[in-house]
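These notes are about the structure you will find just below.
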Amino acid sequence: MRSPPAPRPRRRRPPPRPPRPPTSAANPFGVAADKPLEIWIFDGGFGQAYAKDIHQPLFATKYPKAQIKHNATKEITKVLQPRFAGGNPPDVIDNSGANAMDFGALAQDGQLQDLTPLLDAPTWDDPSMKVRDSIDPAVIEIGTYDGKFSVLGYVNYIFGIWYSKKAFDENGWAAPKTWDEFTALCETIKKSGKMAPFTYAGKFPQYLYEVLLTMAAKIGGNEVLVNIDNLEDGAWTTEAMKESATRWAEVGAKYLMQGTAGLDHVQTQTSHNKYEVAMLPSGSWLENEQKDTTPADFAYQMFVVPDVTGSDKMPYGTLHTQPGENFIVPSKGANPQAGMEYLRAMLSKKAAGDFSELVRTVTVVKGGRRGQAAVARRQERLRRGERGGRQHRLLPLADLVRPAQGRGSRRHGPADERRPDPRQVPRAHPEEGRRDQERLGDQEVQALTCCVVASSSPRSSRRRSRSTWST
């Protein structure tokens with residue numbers, strides 16, 4: 001006789017998940033008060049102190065029982081890409097730096113949390129205002145992938161060519177306004193034998209791409225970059241691009257600091273601080289990144305890409321700025337609700353002001369100007385010739401970068417259909433612009449917005465990128 005079949009073991013049901021807390025104006029995403037939050041910060045130009053000393057303590061004031069697991073790395077892709085592949089990414093990532101993960105690939109794989117609810121949530125400071133109304137609109141445009149807002153740029157990067165006011169004053173050198181003045185300055189510095197004229201991060205050539213492409217756009221207009229971003233045939237061989245490449249090739253052949261090709265950004269910037277080289281291209285994170293090696297009287301200053309042909313399509317003083325230091329909330333993380341709440345805290349006026357005070361640069365938060373005002377006051381003391389303590393960069397246009405109201409088309413058509421003529425984009429905040437102009441004298445303030453439709457590839461979902469040009 002056959003023995004009766006053994007009874008099947010009963011499957012144990014997993015314990016029921018605790019219900020999510022209800023949403024409210026104070027807790028718009030239903031954050032669990034005691035659920036851990038894992039954060040990874042790119043330990044680059046802004047360091048990680050702003051996260052540990054400003055953003056995380058602010059989050060903890062509302063959620064004191066939530067354990068915050070703080071981490072930092074310079075190798076974002078190497079450390080965190082396996083976490084995405086394994087299905088256990090962290091909750092918030094500052095996905096920045098040369099080794100950042102590809103946003104398009106993450107979006108295509110469904111790895112990015114849709115942050116639209118963050119935009120529609122009330123601000124941390126003012127329940128009557130939505131987050132979307134408190135930030136530069138460029139943040140939303142440049143952070144949208146596949147129709148979803150997924151990437152939060154927190155800092156308004158400002159790009160240019162940096163130098164020491166002390167070195168220039170002591171040697172009688174002046175910041176150039178034209179390319180002829182720039183090459184003449186390089187020749188003067190070279191003949192002085194005191195330092196090399198120019199360098200860049202040879203191991204990370206995107207530092208030089210910035211001025212190379214900005215010069216091409218200055219010569220030929222925004223269409224030069226629109227066509228490059230859309231992979232148009234011949235985009236890299238336009239006359240404007242050739243002109244820019246030829247000019248910078250001359251600098252490389254005649255005026256480059258010896259050994260530049262083998263150096264990274266920190267090494268070239270440290271050489272700058274040691275007065276071994278006079279000028280280098282970088283962004284507004286530079287002063288904070290070098291704060292430990294910069295002499296107290298170095299006095300960082302910056303000038304924009306000089307006039308080139310005498311008939312450039314963008315006038316002298318054109319300044320490139322763009323939202324950066326990009327934060328994401330992985331959709332498959334353990335606590336995306338707290339991830340979005342953390343970003344909401346970051347976008348508060350207090351957090352933005354304290355951040356600007358600490359790292360000496362501006363955020364994308366419209367009202368977070370307490371720290372930015374402190375930077376401006378230090379700059380004003382420099383203008384009046386007051387010394388004492390660490391000197392700070394002189395960026396008279398940094399406070400004038402404002403979002404324009406024009407929007408580009410989302411169609412993939414000819415370049416002139418994709419985006420408006422930037423010279424016709426209306427000025428945002430004309431009253432503020434007028435007050436800024438009165439404060440700075442003859443500086444005319446005009447924000448020019450370039451909306452670019454980037455091409456799609458089988459691997460990487462791309463979105464329009466947007467840069468702001470301020471003159």
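Since the structure is predicted, the reported quantities are computational estimates derived from the model, not experimental observations. Note that the numbering runs from 1 along the sequence shown for the chain.
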Problem set entry | Minimum side-chain heavy-atom gap F159-P281 below 4.5 Å | no
Problem set entry | Those residues that, when tested against Y154, pass ring-ring contact (aromatic ring centres under 6.0 Å, His included) (two or more places apart) | H55, F355
Exercise. Should T361 and W285 be marked as a side-chain contact (heavy atoms from CB on, under 4.5 Å) after you check the CA-CA gap, both sets of side-chain angles, and the distance that decides it?
Worked result: CA-CA 7 Å; T361 195; W285 58 85; over 6 Å; no
Problem set entry | SB check K349 D125 (cutoff 4.0 Å) | no
Problem set entry | Under 3.5 Å: donor-acceptor pair, side chain of T214, backbone of V211 | no
Seminar exercise, completed: Nearest heavy-atom approach of S348 to L58 is OG-CD2, 3.4 Å
Problem set entry | Salt bridge E287-K291, side-chain N to carboxylate O under 4.0 Å | no
For this session: Verify whether one side chain among K194 and N171 offers a donor that lies under 3.5 Å from an acceptor in the other.
Result: yes
Problem set entry | Set of residues satisfying side chain to side chain contact (heavy atoms under 4.5 Å, CB included) with respect to K274, sequence neighbours excluded | T270, E276
Exercise. Atom CD in Q81, atom CG in N99: separation rounded to 0.5 Å?
Worked result: 11.5 Å
For this session: Indicate yes or no: at least one non-hydrogen side-chain atom of R344 is less than 4.5 angstrom from one of F59.
Result: no
Problem set entry | Atom of W248, atom of L208 and distance for their closest heavy-atom approach | CE3-CD1, 4.3 Å
For this session: Mind checking side chain to side chain donor-acceptor pair (under 3.5 Å) for T199 and listing every partner two or more places apart, or none if nothing turns up?
Result: T260
Exercise. Within the distance-only criterion (no hydrogens, no angle test), does the side chain of D312 pair as donor or acceptor with the backbone N or O of P315 below 3.5 angstrom?
Worked result: no
Exercise. Which heavy-atom pair separates G333 from P336 by the least distance, and what is that distance?
Worked result: O-CD, 3.5 Å
Exercise. Are any of the side-chain heavy atoms of I135 and L119 separated by less than 4.5 Å?
Worked result: yes
Exercise. Considering only heavy atoms from C-beta outward, does the side chain of L343 approach that of V92 to under 4.5 Å?
Worked result: yes
For this session: Assign the ring pair Y163 / F303 to parallel, tilted or perpendicular, where the plane angle (0 to 90°) is split at 30° and 60°.
Result: tilted
Please tabulate, for side-chain N and O atoms in residues 66-73, each donor-acceptor pair with protein atoms closer than 3.5 Å (sequence neighbours left out).
from, atom 1, to, atom 2, distance (Å)
H70, ND1, Q56, NE2, 2.9
H70, NE2, Q48, OE1, 2.7
N71, ND2, I39, O, 3.3
N71, ND2, K69, O, 3.3
T73, OG1, E75, N, 3.0

Problem set entry | Heavy-atom neighbours of K190 NZ exceed 12 at 6.0 Å | yes
Problem set entry | Atom pair CG/CE of N95 and M101 - distance to nearest 0.5 Å | 4.0 Å
Exercise. Is there a donor-acceptor contact under 3.5 Å from the side chain of S244 to the main chain of M241?
Worked result: no
Exercise. Donor-acceptor pair, S164 side chain versus F298 backbone, under 3.5 Å?
Worked result: yes
For this session: Please round to the nearest 0.5 Å and tell me the distance separating atom OG1 of T268 and atom CG of L280.
Result: 6.0 Å
For this session: Applying side-chain contact (heavy atoms from CB on, under 4.5 Å), run through T238 and E243 and close with a yes or a no.
Result: CA-CA 9 Å; T238 61; E243 184 76 26; over 6 Å; no
Problem set entry | Student check: side-chain heavy atoms of I142 and Q322 closer than 4.5 Å | yes
Problem set entry | Closest non-hydrogen atom pair, D133 against K366 | O-NZ, 3.5 Å
Exercise. Do the side chain of D109 and the main chain of Q111 share a donor and acceptor less than 3.5 angstrom apart?
Worked result: no
Problem set entry | Steps toward side-chain contact (heavy atoms from CB on, under 4.5 Å) verdict (W124, E341) | CA-CA 9 Å; W124 188 277; E341 182 74 341; 3.7 Å; yes
For this session: Answer yes or no: is there a side-chain heavy-atom contact under 4.5 Å between M215 and V308?
Result: yes
For this session: Would you confirm whether T363, through its side chain, and A352, through its main-chain N or O, come within 3.5 Å as a donor-acceptor pair?
Result: no
Exercise. Are any non-hydrogen side-chain atoms of L286 and Q269 less than 4.5 angstrom apart?
Worked result: yes
Exercise. Which pairs count as side-chain hydrogen bond (donor to acceptor under 3.5 Å, both in side chains) when at least one residue sits in residues 172-187, sequence neighbours excluded?
Worked result: E187-Y255
Problem set entry | Between D94 and Y50: side-chain donor-acceptor atoms closer than 3.5 Å | yes
Exercise. Measuring from L152:CG to M340:CE, what's the distance to the nearest 0.5 Å?
Worked result: 12.5 Å
For this session: With side-chain contact (heavy atoms from CB on, under 4.5 Å) as the test, would you mind laying out the steps for S282 and E289 before giving the verdict?
Result: CA-CA 11 Å; S282 191; E289 187 170 46; 5.5 Å; no
Problem set entry | Residue pair N273 / T293, side-chain donor-acceptor N/O under 3.5 Å | yes
Exercise. If you measure only the distance, is there a donor-acceptor pair under 3.5 Å linking the side chains of Y207 and D264?
Worked result: no
For this session: Compare every heavy atom of V364 with every heavy atom of P323, then report the nearest pair and how far apart it is.
Result: CB-CG1, 4.2 Å
Exercise. Does the ring center of Y157 lie less than 6.0 Å from the ring center of H320?
Worked result: no
Problem set entry | Sequence-distant partners of Y209, ring-ring contact (aromatic ring centres under 6.0 Å, His included), two or more places apart | none
Problem set entry | Any side-chain heavy-atom pair of F103 and V151 under 4.5 Å | yes
Exercise. Which heavy atom of P330 sits nearest a heavy atom of I93, and at what distance?
Worked result: CG-CD1, 3.9 Å
Exercise. Would a distance-only check, ignoring hydrogens and angles, find a side-chain to backbone donor-acceptor pair under 3.5 Å from T123 to V131?
Worked result: no
Exercise. Going from CG on L106 to CD1 on I328, what distance comes out if it is rounded to the nearest 0.5 angstrom?
Worked result: 5.5 Å
For this session: Look up atom CG in D91 and atom NZ in K332, then write down how far apart they are to the nearest 0.5 Å.
Result: 15.0 Å
For this session: Could you tell me how the ring of F198 sits relative to the ring of F182: parallel (under 30°), tilted (30 to 60°) or perpendicular (over 60°)?
Result: perpendicular
